[in-house]
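Encoded as structure tokens, the structure appears first; notes follow it.
No hydrogens, no waters, no symmetry mates; every other heavy atom, side chains included, goes into these values.
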Amino acid sequence: MSNSTPYVLVLYYSRSGATEKMAALIARGVEQAGDVEARLRTVPSVSPDHKASQPAVPPQGAVYCTEDDLRHCAGLALGSPTRFGNMAAAMKYFLDGTGALWATGALINKPAALFTSTSSLHGGQESTLLSMMLPLLHHGMVICGLPYSEPALMRTSSGGTPYGASHLAGPDSDLPLSDDETRLCLALGKRLGELALRLSE
């Protein structure tokens with residue numbers, strides 16, 4: 001890590017904007033934790049031949065994540081829409097390229113949290129969150145979930161799981177985040193920020 005204020009990397013992929021909105025809420029929650037910053041980053045889409053096909057700088061929104069963004073973070077919030085119960089190919093492609101960080105142990109003992117968005121209520125939210133944990137566990141990261149001390153976890157009738165924050169975006173991906181989904185995104189970000197501060201001391 002650098003000598004500057006520690007930061008939590010909020011890394012996401014979003015096509016319709018739902019996951020991006022969650023990322024912004026989680027970043028706000030991170031910064032509620034105190035002396036820690038949230039750094040929003042995204043990954044480029046991939047083409048059918050599996051190569052990155054986007055311009056070097058996205059036309060809008062967060063900039064693309066670099067290896068150094070990941071290497072020097074104090075914690076990581078990782079978000080992707082669901083694709084058949086798994087993370088989107090763009091996020092998997094990015095994570096597949098982090099072997100150098102794995103080889104040096106750069107992410108060992110850093111906290112990580114997950115978030116996702118789906119079109120249907122039973123569209124694979126929990127399996128997506130669980131699948132996104134796997135490469136992070138290989139990196140030696142410490143997974144941070146949502147405890148049931150969060151009242152919204154018991155109340156929610158759309159998104160929200162103990163494995164991470166989730167959102168029901170609807171078939172047209174245009175449903176706003178519910179009050180409970182919003183609270184859970186903020187709570188996850190704050191918890192992650194607090195853990196990042198504690199573990200980086």
Working to the nearest 0.5 Å, report the span between [atom1] of [X] and [atom2] of [Y].
| X | Y | atom1 | atom2 | result |
| --- | --- | --- | --- | --- |
| Met87 | Leu114 | CE | CG | 8.5 Å |
| Ile26 | Arg191 | CD1 | CZ | 13.5 Å |
| Ser45 | Met91 | OG | CE | 11.0 Å |
| Leu153 | Glu150 | CG | CD | 8.0 Å |
| Leu188 | Leu146 | CG | CG | 4.5 Å |
| Tyr163 | Ser127 | OH | OG | 10.5 Å |

- Report yes or no: do Thr82 and Thr118 form a side-chain donor-acceptor pair below 3.5 Å? no
- Message: With side-chain hydrogen bond (donor to acceptor under 3.5 Å, both in side chains) as the criterion, how do Ser158 and Glu181 come out once you've worked through the C-alpha distance, each side chain's angles and the decisive distance to 0.1 Å?
- Response: CA-CA 8 Å; Ser158 52; Glu181 290 172 340; 2.9 Å; yes
Heavy-atom donor-acceptor pair, [X] side chain to [Y] backbone, under 3.5 Å:
| X | Y | answer |
| --- | --- | --- |
| Thr156 | Ala152 | no |
| Glu194 | Ala33 | no |
| Glu20 | Gly17 | no |
| Ser80 | Tyr13 | no |

Could you work out, with salt bridge (charged side-chain N to carboxylate O under 4.0 Å, His left out) as the rule, every residue matching [X], not counting sequence neighbours?
| X | value |
| --- | --- |
| Arg155 | Asp180 |
| Lys92 | Asp96 |
| Glu37 | none |

Please answer: with hydrophobic residues joined when any side-chain heavy atoms are less than 4.5 Å apart, are [X] and [Y] in the same cluster?
| X | Y | result |
| --- | --- | --- |
| Leu197 | Val8 | yes |
| Phe94 | Tyr12 | no |
| Phe115 | Leu70 | no |
| Leu76 | Leu192 | no |
| Met141 | Leu137 | yes |

Do [X] and [Y] have side chains that get closer than 4.5 Å, going by heavy atoms?
| X | Y | answer |
| --- | --- | --- |
| Pro111 | Leu199 | yes |
| Cys185 | Leu177 | yes |
| Ser119 | Ser173 | yes |

- Nearest heavy-atom approach of Pro81 to Thr128 is O-CG2, 4.4 Å
- Message: How close do Cys73 and Tyr7 get, counting heavy atoms only, and between which atoms?
- Response: N-OH, 3.4 Å
Using the side-chain contact (heavy atoms from CB on, under 4.5 Å) criterion, which residues pair with [X]? Sequence neighbours excluded.
| X | result |
| --- | --- |
| Ser166 | Thr116, Gln125, Thr161 |
| Ser117 | Ala18, Thr19, Met22, His167, Ala169 |
| Arg28 | Leu25, Gln32, Leu186 |

Residues forming a side chain to side chain donor-acceptor pair (under 3.5 Å) with [X], sequence neighbours excluded:
| X | value |
| --- | --- |
| Glu31 | none |
| Thr98 | His139 |
| Ser131 | Asn86 |
| Arg41 | Asp69 |

- Message: Please give the remaining members of the hydrophobic cluster of Leu168, linking ILVMFWY side chains under 4.5 Å, ordered by chain and number.
- Response: Leu121, Leu175
- Query: Taking atom CZ of Arg15 as the centre, does the number of heavy atoms from other residues, nucleotides or ligands within less than 6.0 Å exceed 12?
  - Reply: no
- Got more than 12 heavy atoms from elsewhere within 6.0 Å of CG, Asn109? no
- What's the verdict on side-chain contact (heavy atoms from CB on, under 4.5 Å) for Leu129 and Met132, showing C-alpha distance, side-chain angles and the deciding distance? CA-CA 5 Å; Leu129 295 169; Met132 287 197 297; 4.1 Å; yes
- Would you please test Val142 and Leu195 for side-chain contact (heavy atoms from CB on, under 4.5 Å) and show each step? CA-CA 10 Å; Val142 179; Leu195 281 171; over 6 Å; no
Please table the atom pairs, donor to acceptor, closer than 3.5 Å between any side-chain atom in residues 99-108 and protein atoms at least two apart or in another chain.
from   : atom 1 : to     : atom 2 : distance (Å)
Trp102 : NE1    : His138 : O      : 3.3
Thr104 : OG1    : Ala100 : O      : 3.3
Thr104 : OG1    : Leu101 : O      : 3.2

- Message: Please evaluate residues Val43 and Tyr93 with respect to the criterion side-chain contact (heavy atoms from CB on, under 4.5 Å), reporting the C-alpha separation (whole Å), side-chain torsions for both, the decisive distance (0.1 Å), and the verdict.
- Response: CA-CA 9 Å; Val43 297; Tyr93 182 84; over 6 Å; no
- Message: Pair Leu40, Leu11 - check side-chain contact (heavy atoms from CB on, under 4.5 Å), show working.
- Response: CA-CA 6 Å; Leu40 283 162; Leu11 176 60; over 6 Å; no
